[in-house]
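Note that ligands are numbered from 1 as they come in the structure, with each ligand's atoms numbered from 1 the same way.
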Amino acid sequence: MADPFQNVDAAGPEFIKIFADSMDVRQSDPAMEQIVATYLGKLSLSDDSTLIEVGAGAGAVARRIAAHADPAQVVAYDPSAGFIEEAKARARDHANLRFEVADGAALPRDDASTDVVIMHTVLTHVVDPRALITEAVRVLRSGGTLIACDADFSKATFAHFPNDPLDACAREFVRSFVTDPYLVGKLRGLLSGAGLGLEFFDVQSRVVTTPQQMRPWVEMTANAMQERGEIGPGLAQALIAEHERRAEAGVLYGYQAFATAIARKPG
Ligand SMILES: C[S@@+](CC[C@H](N)C(=O)[O-])C[C@H]1O[C@@H](n2cnc3c(N)ncnc32)[C@H](O)[C@@H]1O
């Protein structure tokens, strides 16, 4: 089952709309705002700094980067023309932000042309993360900064107890929508292997406790397992009903860990 984020345009317009909205909702979560604000706050920027986001999707994080860096210029790249179209429509208020279609392994930028490269939940969705990191090193100037922030999907869980059936929905999300759930464990080695000097590495928690956040994932994953014939409609409905029971009891608990690595190109 290929991760649809490897080729979003092939996944179709409905996927693009649903996930453009879903990434906006995820980014507006206070824990995610804090994670992005923390790494942006560590940057030393001037008015003429150049920043890029690689794998910007529909621009949820790019808009935060542009607001933080203003008046410095931000260019946000994504290989999906559909996401870039959504991103442009959602970012009209940001004069210092533009979007371009480009793969992170082949950026349309000169060598040493960039002060900051940001990759936010991208490396877990690519088959060859080394290719994106190598390309980031090429476009960074000496002393420039790479920020890689990603979920440690190997630890994502909805479980309240061993073998909790609802946790099947968290595991199913990782199986269907993530390329390498263990990427975060390899991240520091990937960065140092590309010649970067690691300056910061931290892991922060994101906890999901509301049905507004969790219901779409439970419904989507339960329905997907049913559509593939892996479970019957009774079990799919039972998983959704168990989510509703926990929501009414006020005990929903979904856990994600987000790692941030900040690394510098030697000067
Ligand atoms: C989960 S989304 C994250 C989007 C955005 N960074 C955010 O957090 O809102 C993953 C993104 O990685 C992009 N992506 C997949 N393969 C890529 C590649 N080879 N180079 C750059 N981006 C890629 C996808 O198109 C998608 O927009």
Side-chain angles (χ1 to χ4, degrees), residues 2-13 15-29 31-40 51-68 74-91 94 97 99-109 114 116-139 146-153 156 173-174 176-181 183-184 190 204 206 216-217 220 256 258-260:
D3 169 5
F5 286 107
Q6 286 177 14
N7 186 347
V8 168
D9 288 342
F15 178 93
I16 288 170
K17 183 80 182 77
I18 290 171
F19 279 89
D21 288 344
S22 146
M23 285 185 291
D24 273 1
V25 170
R26 178 180 76 171
Q27 189 46 47
S28 63
D29 180 306
M32 290 306 300
E33 295 285 26
Q34 185 58 47
I35 287 166
V36 173
T38 299
Y39 67 64
L40 292 177
L51 300 88
I52 68 170
E53 187 189 357
V54 171
V61 174
R63 277 174 258 134
R64 270 71 176 179
I65 299 168
H68 179 83
V74 179
V75 187
Y77 299 98
D78 199 276
S80 161
F83 265 165
I84 290 294
E85 201 179 314
E86 281 288 336
K88 286 178 178 171
R90 290 165 194 243
H94 296 278
L97 171 61
F99 292 91
E100 282 184 34
V101 177
D103 192 288
L107 294 169
R109 296 186 73 81
T114 309
V116 178
V117 177
I118 296 174
M119 299 182 191
H120 189 102
T121 59
V122 175
L123 293 174
T124 46
H125 295 288
V126 299
V127 173
D128 185 4
R130 274 189 192 83
L132 272 67
I133 294 169
T134 302
E135 183 66 347
V137 172
R138 180 187 71 77
V139 304
L146 172 63
I147 297 178
C149 178
D150 227 308
D152 182 352
F153 286 107
F173 173 78
V174 173
S176 294
F177 292 98
V178 178
T179 300
D180 184 358
L183 181 280
V184 161
L190 286 166
Q204 289 163 277
R206 176 185 180 222
W217 302 110
M220 189 186 323
Q256 279 184 316
F258 275 83
T260 300

Measure from the side-chain N and O atoms of [X] to the backbone N and O of [Y], and report whether any donor-acceptor pair falls under 3.5 Å.
{"X": "R64", "Y": "A60", "value": "yes"}
{"X": "R138", "Y": "L107", "value": "yes"}
{"X": "D9", "Y": "A81", "value": "yes"}

Quiz item: How many angstroms lie between atom CZ of F99 and atom OH of Y77, to the nearest 0.5 angstrom?
Solution: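 F99 atom CZ to Y77 atom OH measures 12.0 Å (nearest 0.5 Å).
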Self-check item: Atom pair CZ/CD of F153 and Q256 - distance to nearest 0.5 Å
Solution: 6.0 Å
Exercise. Please indicate whether any nitrogen or oxygen in H125 is less than 3.5 Å from any nitrogen or oxygen in ligand 1.
Key: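 In fact, backbone or side chain, H125 has no N or O that close.
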Per-atom contacts of ligand 1 with [X], taking only distances under 4.0 Å to non-hydrogen atoms:
{"X": "V8", "value": "25 (O)"}
{"X": "G57", "value": "4 (C), 27 (O)"}
{"X": "T121", "value": "1 (C), 2 (S), 3 (C), 8 (O), 10 (C)"}

Answer with yes or no whether [X] contacts ligand 1, where contact means a heavy atom under 4.0 Å from a ligand atom.
{"X": "Q27", "result": "no"}
{"X": "E53", "result": "yes"}
{"X": "A105", "result": "no"}

Quiz prompt | Heavy-atom side-chain proximity of T179 to V126 below 4.5 angstrom | solution = no
Self-check item: Top protein contact for atom 13 (C) of ligand 1, by heavy-atom distance
Solution: D78 OD2, 3.5 Å
Quiz prompt | Closest protein heavy atom to atom 15 (C) of ligand 1, given as residue, atom name and distance to 0.1 Å | solution = F5 O, 3.0 Å
Shortest heavy-atom approach to [atom] - which of [options]:
{"atom": "atom 7 (C) of ligand 1", "options": "V61, V126, L123", "answer": "V61"}
{"atom": "atom 21 (C) of ligand 1", "options": "G104, A151, A106, A58", "answer": "G104"}
{"atom": "atom 4 (C) of ligand 1", "options": "A11, A60, G55, C149", "answer": "G55"}
{"atom": "atom 8 (O) of ligand 1", "options": "M23, M32, R26, R64", "answer": "R26"}

Quiz item: When you look for heavy atoms under 4.0 Å from ligand 1, do you find them on the side chain of A56, its backbone, both, or neither?
Solution: backbone
Quiz item: Where's the contact between F19 and ligand 1, heavy-atom distance under 4.0 Å: side chain, backbone, both or neither?
Solution: neither
Quiz prompt | Distance-only donor-acceptor check, side chains T121 and D150, under 3.5 Å | solution = no
Self-check item: Check: E33/S28 side-chain N/O donor and acceptor closer than 3.5 Å
Solution: no
Practice problem: Return the orientation label for the F15 and F83 ring planes: parallel under 30°, perpendicular over 60°, tilted otherwise. | Solution: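 F15 and F83: tilted rings.
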Practice problem: Identify the heavy atoms of S80 and V8 that sit nearest to each other, and give their distance. | Solution: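 Closest heavy-atom pair between S80 and V8: OG-CG1, 3.6 Å.
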